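Beneath this line is the structure, given in structure tokens, with notes to follow.
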Amino acid sequence: MNPTLDEHIQRDPRILKVYLEARRRYSEFKFKHHNFGHVTRDLHRALLIAADEESVNYNILIPSVLLHDIGFCTPDFRKLGHDVAGSRLAMEILNDLDYSGEECAAVGHCIHAHKGKAELPRTIEAQILYDADVLEKAGLVFLIWGGNVISEFDESIHDFLKREIADRGSEIDRGLYTRKARELDGGRLEKVREIFQQVSKEITEERPDYEITECDLWQNSPP
Ligand SMILES: [Fe+2]
Ligand SMILES: [Fe+2]
């Protein structure tokens, strides 16, 4: 049976307020990939992983997952990174929704650490968010969704592949934190990295015709 939010909201009605606020903010920005659909999938995974772990504080975990990519909704993300910008914004949002300073700091840590770049996840809630988010990339479907990420950030295919190969490498070296996440991954993260490496080799070494632009068709500049 799918884990649902109902019992958590009955126990802590603030979770519903965070849910509605997060959905409103993500829907305003209409991102092609980092939208409320992505958050929904991460939340489903986080609840599955949490059910397999001891002593999870759902009052911290659920708001953290709901707000983990909220940094993309502020222009600061280009300068600071969406993990750092999102952590600050999430703490402001939660402060306005009656979360204590301690709770805001705990959620702030989860979001700050969800990429494993600004810092590493130290708490079980931060580790579950990290694993749930990595699992979004651990499937062949991400080879198709990657196109949404490219258009979302107006990236070149080279920059996308370079970043994805490096990020998947760090995640594989670091390993997933939880047993359930490792089970769900089942080696797919490694497979995705290998395919991205093959694509990169193809366009740089084997099939340079994919790199041809209009300028290559003319001795001087195009008319
Ligand atoms: Fe993120
Ligand atoms: Fe995410």
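Starting from 1, each residue takes its place in the sequence as its number. Everything numeric in this text was worked out from a predicted model, so none of it was measured. Remember, it's 1-based here, ligands and their atoms both numbered in the order they're listed.
The nearest N, O or S atom of His114 is closer to the Fe ion (ligand 1) than 2.8 Å. At a cut-off of 2.8 Å, Glu136 is not counted among the residues with an N, O or S atom near the Fe ion (ligand 2). Here His82 reaches the Fe ion (ligand 1): one of its N/O/S atoms is less than 2.8 Å from the metal.
Between Lys191 and Glu194 no salt bridge is recorded (no basic side-chain N to carboxylate O distance below 4.0 Å). Remark: Arg14 does not engage Asp98 in a salt bridge, criterion side-chain N to carboxylate O under 4.0 Å. One finds a salt bridge joining Arg163 and Glu155 here, because a Lys/Arg side-chain nitrogen approaches an Asp/Glu carboxylate oxygen to under 4.0 Å.
Angle NE2(His38) to the Fe ion (ligand 2) to OD1(Asp133): 90° [nearest 10 degrees].
When the Fe ion (ligand 1) is compared with the N/O/S atoms of Asp69, atom OD1 turns out nearest.
Side-chain atoms of Arg11 and Tyr58 include no donor-acceptor pair closer than 3.5 Å.
The list of salt bridge (Lys or Arg N to Asp or Glu O under 4.0 Å) pairs with a residue in residues 207-223, not counting sequence neighbours, reads Arg207-Asp209.
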